[in-house]
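Hydrogens, waters and symmetry mates play no part in the numbers below; they use all other heavy atoms, side chains included.
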Amino acid sequence: LDFHTEYTAFLEVEVWYKRGSHVGYERDQMSWTEISHARIIGQGPYKRTSIDPSLFNAVSVDSFERISFYVTLTNSPKLRYTKEAEDTKAVVGDIDSSSEDMDVMVGVGVASYPFGYFLSPRFPNNSIKYVLDDEVDDAFKQTLTPMLPSDGIYIAGDKKEITTTFSSGNGGYGAMFDIECKSETGDLVISSMDFHTDLVGVDINVKIFTKSGSYVGYGFQSEAWNTVADTTVKGKGYYKRTVVPPESFKDVVIVNGNVQAFYVTIDKPNLRYSNAENVGDVQSEVENEILIKAGAGLGGGLASFSSLFEPRVMNGVIHYHLRHQQTYPPTSAVPILPKSPTSSNGSLKTEQDLDAGSYGIIFSVRNKGLTLIHMTGLWIYSDYIGEFGVEVYALEGGFLGEPVVARVQITSTTISGSGSESLIQIPLQNQVEVIAGQRRTIYVTLDRPSLQYAMGTEEGTASASDEYIELSDGSSVLGYPLSSSNVRSGRRFVGVVDYRVGTNAISSAPDLTSSIPGQSLSTSFKGNSGSYGSLFDVTNVRESQKILITKLDVHASGEESLRCEVWYRRGSSLDYPWNTNGGGWAMVANENLVPKVESGKSLLARFSADKFAHIEVGPGELVGLLVQCEEERTRYATSLDKVVAINDSIKIESGYGVTFFPLSARVQFDRSFEGVIHYI
């Protein structure tokens, strides 16, 4: 593959790919597979910069298959693409260039490395080199890159719904319409639909199809659509919702500014819709979230893709939620240390008697090193003889008393057991990334109460550890599926976790706070007000030395456990006090804290040094910090002074008090952080 860059010096380029469209996956790194990482010399403007085939893992593309590529420079924003011309109306997915063998589509530009903010639409500046299958020998086929699908970890927002209308007035076998995502802070996830029928108590076969982009021009092209629901329901009659169960509907993700088409069709001519004035007119809208447009009614039968009648309005309810990707600290949030030239695969086994069992187990895997680790395999014990179903999920929350706010399926398959004496391997369809210094919560469940595990100790207690990863006790799950009512804490996973350590790995990060004398700067503890947290700035006042912020202590009230987070961004915190979804905010700590009486009569909640990703601050540099907790128990002071505390290394400045969790631009001005900054 050739690409276009302004660079005429050495550069590092990566190429990633995924099966299917990139739409909806632009920020989902776990869905992509890296197929090239090369250090080459850029050829400069308007010239091809080529990646040598020996540095590129070839990818097979089946007949009529769509595949996505992502080309990125690791150290420079000098990759070139083309912006849409003003006299065109191109959209993502339009054909940019074509040959008798392939089409290349309009895509997006990515504005930050590696999978950051993107700009749409953009035209690629690339040359693709390929061979046809009948020209490929068997030896070459063995080099082709396999598909490694995966899902990212996202924070899911509240479940919501939007109604079009139930006014009826017309009807047929189906309705086509468009939905546009208007959210600027996350993706729109369509999770199900209710429709309108005049049938009561009658079994109805309903199918729902979707496609990227508008339905306009595709009403008769069945090959352009994908099925997201196919089930049988009982009609509820006029002016009532006939519900498509969420478990029968495959979620559809729509990113900001994109349009997704849907086609709801049933096996009887009794779907109700309404007349409209114009195709594309807005029929229902939730500001900054979702917009539903007028479309078409269809006759001709179930899934007929024929007999369109326009304009029509689908009668029904759309169920949806917003999601945003979990943000992790960037590489610069940890100290830059000498790299060891190690790269390896590993396995960690827990040694424990199998003295308990039920449907499932929740436990955590912590990355102890300073590089990315992939969890590649899992082995369990079961006392069942024969075939049974197993599912594995990565959870957001669900550990140390936190509620489960999101989960991503890693595998769903059938395996066979031969009794409790032998380990059983679970083939993982997707690998799980564990960020340096972070935990990942894993949930394993069977379709019957035959998973074996052990009685453990307190949740979060380490049960097994090696130089790279640590497993911790969690909870058992006494039913299927997971719910908060059937979880019992203090249980231990028994089995094996296989993993792969990234190149240039450093095992267990050295305890810098013990090897180098640590320092700290404390504010006053007036505590005359308080709420959910503080926004404030810290400046490195040294002229030639960088500092590393290693942890924080926070002034808090109450003696019960309190879950708190620390986020940072380059530049002032006051430049982006709206939320942590944008503005370059990255989380560096997330922990349950117990305030203790220190500093006289003040209560300090101390973050753990080993759970805090260090923040590097260059000479003279200012960084913004956000401390936020789930309860109104953090203390801050009213301050009209810009400088709250200063020494010969760092300066703490006043900022805003945070009056809502999570951060959402609800702040109090002229407030100062109360606590202690630890640094080296």
Side-chain angles (χ1 to χ4, degrees), residues 89 91 157-184 186-198 204 206-220 224-225 228-229 235-244 246 249 251-266 269-299 303 305 307-322:
K89 294 184 178 180
V91 297
D158 295 337
K159 294 180 179 179
K160 301 180 180 182
E161 62 179 46
I162 179 173
T163 302
T164 58
T165 180
F166 278 80
S167 60
S168 188
N170 213 328
Y173 280 95
M176 282 185 183
F177 58 98
D178 294 339
I179 295 179
E180 182 175 351
C181 173
K182 304 297 290 184
S183 170
E184 297 182 356
D187 303 331
L188 176 65
V189 181
I190 308 300
S191 55
S192 189
M193 297 183 181
D194 307 337
F195 63 94
H196 187 190
T197 178
D198 54 19
I204 300 172
V206 56
K207 293 185 178 183
I208 301 177
F209 300 85
T210 191
K211 67 170 291 292
S212 177
S214 174
Y215 84 90
V216 176
Y218 293 90
F220 302 102
W225 298 75
V228 292
K236 298 298 182 182
Y238 268 122
Y239 313 116
K240 294 182 179 180
R241 305 179 179 194
T242 297
V243 176
V244 177
F249 188 100
D251 287 358
V252 178
V253 178
I254 313 173
V255 300
N256 173 247
N258 280 20
V259 172
Q260 190 80 15
F262 291 89
Y263 172 27
V264 182
T265 177
I266 63 176
N270 298 91
L271 185 88
R272 307 306 299 169
Y273 47 74
S274 305
N275 296 331
E277 292 186 5
N278 300 289
V279 170
D281 283 354
V282 176
Q283 299 302 310
S284 301
E285 181 178 11
V286 175
E287 187 175 2
N288 297 324
E289 291 187 358
I290 184 174
L291 183 151
I292 303 175
K293 302 178 181 181
L298 285 90
F305 292 94
S307 303
L308 266 69
F309 302 94
E310 296 176 323
R312 300 290 186 267
V313 179
M314 178 264 193
N315 284 197
V317 178
I318 309 299
H319 298 271
Y320 72 97
H321 63 267
L322 299 177

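Considering only heavy atoms from C-beta on, I162 comes within 4.5 Å of Y320 through its side chain. The shortest side-chain heavy-atom distance between L322 and D187 does not fall under the 4.5 Å cut-off. Looking at heavy atoms from C-beta onward, V264 lies in side-chain contact with V206 at the 4.5 angstrom threshold.
Under the 3.5 Å distance criterion, the side-chain polar atoms of T164 are matched with a main-chain donor or acceptor of G316. A donor-acceptor pair under 3.5 Å links the side-chain atoms of T242 to the main chain of K236, judged by distance alone. Here the side chain of T265 pairs no donor or acceptor atom with the backbone of G174 at under 3.5 angstrom. Within the 3.5 Å criterion, the main-chain N or O of F166 finds no donor-acceptor partner in the side chain of R272.
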Practice task
Show your working on side-chain contact (heavy atoms from CB on, under 4.5 Å) between V282 and I292 and close with a plain yes or no.
Solution key: CA-CA 6 Å; V282 176; I292 303 175; over 6 Å; no
Practice task
Decide yes or no on side-chain contact (heavy atoms from CB on, under 4.5 Å) for F262 and V252, but give the supporting numbers first.
Solution key: CA-CA 10 Å; F262 291 89; V252 178; 4.0 Å; yes
Exercise for the section: Please test I179 against L291 for side-chain contact (heavy atoms from CB on, under 4.5 Å), starting from the C-alpha separation and ending with a verdict. Expected result: CA-CA 6 Å; I179 295 179; L291 183 151; over 6 Å; no
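Note that CG of L188 is 4.5 Å distant from CD1 of I290, once rounded to the nearest 0.5 Å. To the nearest 0.5 Å, atoms CG (L271) and OG1 (T197) are separated by 6.5 Å. One finds the CZ atom of F195 at 9.0 Å from the CE atom of M314 (value rounded to the nearest 0.5 Å). Here the CD1-CD1 distance, from I190 to I318, works out to 6.5 Å after rounding to the nearest 0.5 Å. Rounding to the nearest 0.5 Å places CD of E161 at 11.5 Å from OG of S284. Note that CD of E310 and CE of M176 are 9.5 Å apart. Values are rounded to the nearest 0.5 Å.
Listed by first and then second residue, the salt bridge (charged side-chain N to carboxylate O under 4.0 Å, His left out) pairs involving residues 286-297 are K160-E289, E180-K293 (not counting sequence neighbours).
The ring pair (Phe, Tyr, Trp, His ring centres under 6.0 Å) test applied to Y173 returns no partner, not counting sequence neighbours. Scored by the side-chain hydrogen bond (donor to acceptor under 3.5 Å, both in side chains) test, H319 finds D194 as partners (sequence neighbours excluded). Take Y239 and apply the ring pair (Phe, Tyr, Trp, His ring centres under 6.0 Å) test, not counting sequence neighbours, and it matches H196. Shown here are the side-chain contact (heavy atoms from CB on, under 4.5 Å) partners of T165, two or more places apart in sequence or in another chain: S167, S274, V313, N315. Among residues two or more places apart in sequence or in another chain, the side-chain hydrogen bond (donor to acceptor under 3.5 Å, both in side chains) test is passed with N258 by none. Legend: residues meeting ring pair (Phe, Tyr, Trp, His ring centres under 6.0 Å) with F309, ordered by chain and number and at least two apart, are absent. Applying the side-chain contact (heavy atoms from CB on, under 4.5 Å) test to N288 and every residue at least two apart in sequence or in another chain returns nothing. With sequence neighbours excluded, no residue forms a ring pair (Phe, Tyr, Trp, His ring centres under 6.0 Å) with Y215. Residues passing the side-chain hydrogen bond (donor to acceptor under 3.5 Å, both in side chains) test with T210 are Q260, sequence neighbours excluded. Qualifying side-chain hydrogen bond (donor to acceptor under 3.5 Å, both in side chains) partners for E285, counting only residues two or more places apart in sequence or in other chains: none. For K211, the side-chain contact (heavy atoms from CB on, under 4.5 Å) partners two or more places apart in sequence, or in a different chain, are Y218, A224, W225, A261.
For the residue pair S191/D251, the side-chain donor-acceptor check at 3.5 Å is not satisfied.
Here the closest non-hydrogen pair linking A276 and A294 is CB-CB, 4.0 Å.
Between F209 and F305, the ring center distance clears the sub-6.0 Å criterion.
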